[in-house]
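Letters A, B, ... mirror the listed sequences (proteins, then strands); counts begin at 1.
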Protein chains: 2
Amino acid sequence: MPAKRPPIPLSRERIIDAALHIADSQGLRRLTMRRLGDALQVEAMAIYHHLPRGKDALMDALAEHVTAVHVEPGGSWQESARAWCRASRAALREHPGVLALALTKPPKGRAASAIREQTEQLAEAGLADPAGAVRALRAYVFGAVAVEVQRSGWAEPSGDGDEPWRPPSRGGGSPEADADFELGLEALLAGLTGR
Amino acid sequence: MPAKRPPIPLSRERIIDAALHIADSQGLRRLTMRRLGDALQVEAMAIYHHLPRGKDALMDALAEHVTAVHVEPGGSWQESARAWCRASRAALREHPGVLALALTKPPKGRAASAIREQTEQLAEAGLADPAGAVRALRAYVFGAVAVEVQRSGWAEPSGDGDEPWRPPSRGGGSPEADADFELGLEALLAGLTGR
DNA sequence: ACCTGAACACCGTTCAAGT
DNA sequence: ACCTGAACACCGTTCAAGT
């Protein structure tokens, strides 16, 4: 007979991880408090103890998780911006299930501070309109990832249930898409200088 | 006493219009078959007669509605691309409630043909990689609208219920955002030539 | 402090039935 | 052909209760 399962204590982190897994493999529409509870070996109501605002809080947390990136401050502003954009793209691509949230919800918490941080780095480097530049960089990443994920055919029925969504970012994904991204990024950075 | 309401027959078009209104004013999460039925003075089950696949079909239809743009073919490829991007941006901004669907669902039906159409126009003009160009243009519009709508503060509680979301596109919206959009668009078009 | 059980109002969808 | 009513399985969330 199986030993009584050791009850790993629930935590905000474990909840978010499980939620990401469900959203990425089955879609946001199937991410349900009850299903999430099942995945965590817990009754759905237990989740409310860790996320008091319930499903809204969960959605906020998911958007924040996939959207709050941090990069080391060293180097020129171009290098900083490059690193930031690449990290953002990687994070968004890794979790197509919550992309709709990430592109749509206004940044809060750590996501908002990440934006402020990046804006300051560009300001310190003497860029004329750092806020506008960060806006343009975010828009570039958002658009690029949106068409990438659309083209990847994620979101379509896919037939079976728990297909383990393999992120294209393991090892860098399609080299063609990577090259396109880098090309457009360089063009944007060049355009940002003469503003 | 009020006269017996004249029963305007239900139709796919009326359903989609009502759904857009609900999504834009209350958010996608509150767009419900039952609420939609109420708005149409009909039991929810009547909707299934016009959209056999139910809510999935409705979501597809909404994404398609806001994403299938058509522009007249005349002029240079740059003019054609400009018109296409402006029309796309306008359509997406008009309905922030379904933006998440539009950015996320792979194009189908009229939306897919609109893309093919635009690709052909760029191909006929002799562009080297017309498909890649359309991809870049779509990404640009998607990203621009995503940060615009995020910044507009749509999606946040807003407190009250049936606030009649006023589209910023009546008359062109914020002139600053418009200028940014046009600037980035010209830069992208220039970049597309030397590919 | 952390989790459960029962309960409530509300979902999407089906199906037989009405007109 | 088009719509309704009743029914079913499933939601999110609350609250009192258990440990």
Trainee: Expressed in angstrom and rounded to an integer, what is the separation of His50(B) atom NE2 from dC3(D) atom C1'?
Mentor: 8 Å

Trainee: Quick one, Arg151(B) and Pro106(A) - any side-chain contact, counting heavy atoms below 4.5 Å?
Mentor: no

Trainee: Would you mind reading off the distance between Leu40(A) atom CG and dT4(C) atom P, rounded to a whole angstrom?
Mentor: 11 Å

Trainee: Under the salt bridge (Lys or Arg N to Asp or Glu O under 4.0 Å) rule, what pairs show up with a residue in residues 69-79 of chain A, not counting sequence neighbours?
Mentor: none

Trainee: Measure from CZ on Arg30(B) to P on dA9(C) and round the result to the nearest Å.
Mentor: 17 Å

Trainee: Strictly by salt bridge (Lys or Arg N to Asp or Glu O under 4.0 Å), give each pair with a member in residues 34-59 of chain A just once, sequence neighbours left out.
Mentor: Arg53(A)-Asp60(A), Asp56(A)-Arg29(B)

Trainee: Side chains of residues 13-20 of chain B: which donor-acceptor pairs under 3.5 Å do they make with residues two or more places apart or in other chains?
Mentor:
residue, atom, partner, partner atom, Å
Arg14(B), NH1, Ile8(B), O, 3.2
Arg14(B), NH1, Pro9(B), O, 3.2

Trainee: Nearest-Å distance, CG (Asp38(B)) to C1' (dC3(D))?
Mentor: 15 Å

Trainee: Measuring only between side-chain heavy atoms, which start at C-beta, is Trp84(A) closer than 4.5 Å to Val141(A)?
Mentor: no

Trainee: Rounded to the nearest Å, what distance is computed from the CD atom of residue Glu43(A) to the P atom of nucleotide dA7(C)?
Mentor: 15 Å

Trainee: Take the protein atom CZ of Arg12(B) and the nucleotide atom P of dA1(D), then report the distance between them rounded to whole Å.
Mentor: 19 Å

Trainee: Could you give all pairs that pass the ring-ring contact (aromatic ring centres under 6.0 Å, His included) test and reach residues 133-153 of chain A, with sequence neighbours left out?
Mentor: Tyr140(A)-Phe181(A)

Trainee: Output yes when Glu182(A) and Arg82(A) qualify as a salt bridge under the 4.0 Å nitrogen-oxygen rule, no when they do not.
Mentor: no

Trainee: Taking only Lys NZ, Arg NE, NH1 and NH2, and the carboxylate oxygens of Asp or Glu, determine whether Lys108(B) and Glu156(A) approach each other closer than 4.0 Å.
Mentor: yes

Trainee: Could you encode protein contacts along nucleotides 12-18 of chain D as a string, one character per nucleotide from 5' to 3', using B for base contact, S for sugar-phosphate-only contact and - for no contact, with a heavy-atom cut-off of under 4.0 Å?
Mentor: BBB----

Trainee: Tell me, what's DNA chain C's dot-bracket, Watson-Crick or G-U with both distances under 3.5 Å, | for other-strand, [ ] crossing?
Mentor: ||.|||||...|||||.||

